[in-house]
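Below is one structure; the comments refer to it alone.
Chain naming here is simple, since letters A, B, ... match the order of the sequence lines and numbering starts at 1 in each. The structure presented is a predicted model; accordingly, all values stated were derived computationally and were not measured.
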2 protein chains.
Amino acid sequence: MHNSQVSAETWSIAELATEYAVTLRTIRFYEDRGLLTPERRGTARVYHPRDKVRLGLILRGKRLGFSLDEIAKIVDMYDAEPGEEGQLVYLLDQITHRRAELEQRRRDIEETLADLSEVETRCRADLSALRWERPPGS
Amino acid sequence: MHNSQVSAETWSIAELATEYAVTLRTIRFYEDRGLLTPERRGTARVYHPRDKVRLGLILRGKRLGFSLDEIAKIVDMYDAEPGEEGQLVYLLDQITHRRAELEQRRRDIEETLADLSEVETRCRADLSALRWERPPGS
DNA sequence: CTTTACGTTTACGTAAGCGTCAAGCACGAA
DNA sequence: TTCGTGCTTGACGCTTACGTAAACGTAAAG
């Protein structure tokens, strides 16, 4: 073990890939789209904590069904420099917008979960009905 | 008004399209993928309440970021015939699966909303800081 | 030196989810 | 009959988000 001092400060592409269960291709693709900007050590990519966090955010965004373009905007909000007033106002506006979207999604999820429970109830009823007419052990 | 009696029992493709704010193309595409099966009156499509409900479910599924294939499975669960035991067991399994997915998504949403609140707080702080150093009316 | 592991770029392939014509039927009004 | 309106079926195009080779570089280990 030759890097016990600064260990876990940076990662290779393969390390990130296995940790987040994505392919190398995927990670490179995200870089291509400007979502990740790893350091280069020679030709190889070196990922810093910032990149790792961003990858996590990207994947969470994907689970939420956002497109990479949308994710780019969201993720860039996180490490935006204070900037000028107009920029800040724009950011706050974006936040309001995203929040509304997410709350709609949450409602959709609640509804769908409720529907699933209904289907499940019906399903269990059908099942026990089946087992009545054809008693256990047939 | 010549159809005041059985009105709202069936709909044309255009009616559904405007009501749900999608294009005709989209609706036909969903039919092509087996998600909708409208009646045919001559050459025209006639949509019954069942189709309308399904379209609503499809669009909700889309908002949740499911693919049409996944949506097909989900939606088909809703109006599955009682069927045999194996089928019912399969269905219950699917329900468990979907529920897990949705709950993951809900967690993702909660986290993202929390993050957004953080960014917002930081943003508002930066903003008021700016307005302090450069007092109102500059 | 050769193998092995790990990485690189370039580039074509593909499935999903429609948009966008083009060309034509059906039907009521003028 | 002709027009307009609404609907129909192809069929091609496009973007997104990668998969999948192909062909090559680099560096440590045997």
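At a threshold of 4.0 angstrom between heavy atoms, the contacts of Ile13(B) are confined to the sugar-phosphate backbone, with no base atom among them.
First and last contacts of DNA chain D with chain B, using any nucleotide atom under 4.0 Å from a protein heavy atom and ordered 5' to 3', fall at dC7(D) to dA11(D).
If you chain together hydrophobic residues whose side chains sit under 4.5 Å apart, Leu57(B) and Leu68(B) fall into the same group.
Salt bridge present: Arg54(B) and Asp76(B) bring a charged side-chain N and a carboxylate O closer than 4.0 Å.
Glu70(A) places a side-chain N or O within donor-acceptor distance of the main-chain N or O of Ser67(A), the cut-off being under 3.5 Å.
Contact of the Arg45(B) side chain with the Ile27(B) side chain is not registered, since no non-hydrogen atoms from C-beta on lie closer than 4.5 Å. Residues Asp51(B) and Glu39(B) are not in side-chain contact: their nearest non-hydrogen atoms beyond the backbone lie 4.5 Å or more apart. Side-chain atoms of Leu64(A) and Ile71(A), non-hydrogen and from C-beta on, never get closer than 4.5 Å to each other.
Between the C1' atom of dA16(C) and the CG atom of Leu35(B) lies a distance of 12 Å, rounded to the nearest Å. One interatomic measurement links the two molecules: CG of Leu24(B) to C1' of dG17(C), which rounds to 16 Å at whole-angstrom precision. Computed from coordinates, the Phe29(B) CZ to dA15(C) P distance equals 13 Å when rounded to whole Å. Residue Arg33(B) contributes atom CZ, which lies 8 Å from atom C1' of dG17(C) at whole-angstrom precision. As rounded to whole Å, 14 Å separates atom C1' of dC18(C) from atom CG of Leu55(B). One can place CZ of Arg25(A) at 12 Å from C1' of dT14(C), the figure rounded to the nearest angstrom. The CG-P distance, from Asp32(A) to dT9(C), rounds to 9 Å in whole Å. Distance CD1 (Ile27(A)) to P (dC6(C)): 15 Å, rounded to an integer number of Å.
Not one side-chain nitrogen or oxygen of Ser67(B) sits closer than 4.0 Å to the OP1 or OP2 atom of dA15(C). Distances shown here put every side-chain N or O of Arg28(A) at or beyond 4.0 Å from the OP1 or OP2 atom of dA11(C). For the OP1/OP2 pair of dC18(C) and a distance below 4.0 Å, the side-chain nitrogens and oxygens of Tyr30(B) include at least one atom meeting the criterion. When the side-chain nitrogen and oxygen atoms of Arg41(B) are compared with OP1 and OP2 of dC27(C), none of them lie within a distance under 4.0 Å. At least one side-chain nitrogen or oxygen of Thr23(B) sits closer than 4.0 Å to the OP1 or OP2 atom of dG19(C).
The two atoms that bring Glu101(A) and Phe66(A) nearest to each other are OE1-CE2, 3.0 Å, heavy atoms only.
Toward the 5' end of DNA chain C, the nearer of the two residues Asp69(B) and Thr43(B), judged by each one's closest nucleotide, is Asp69(B).
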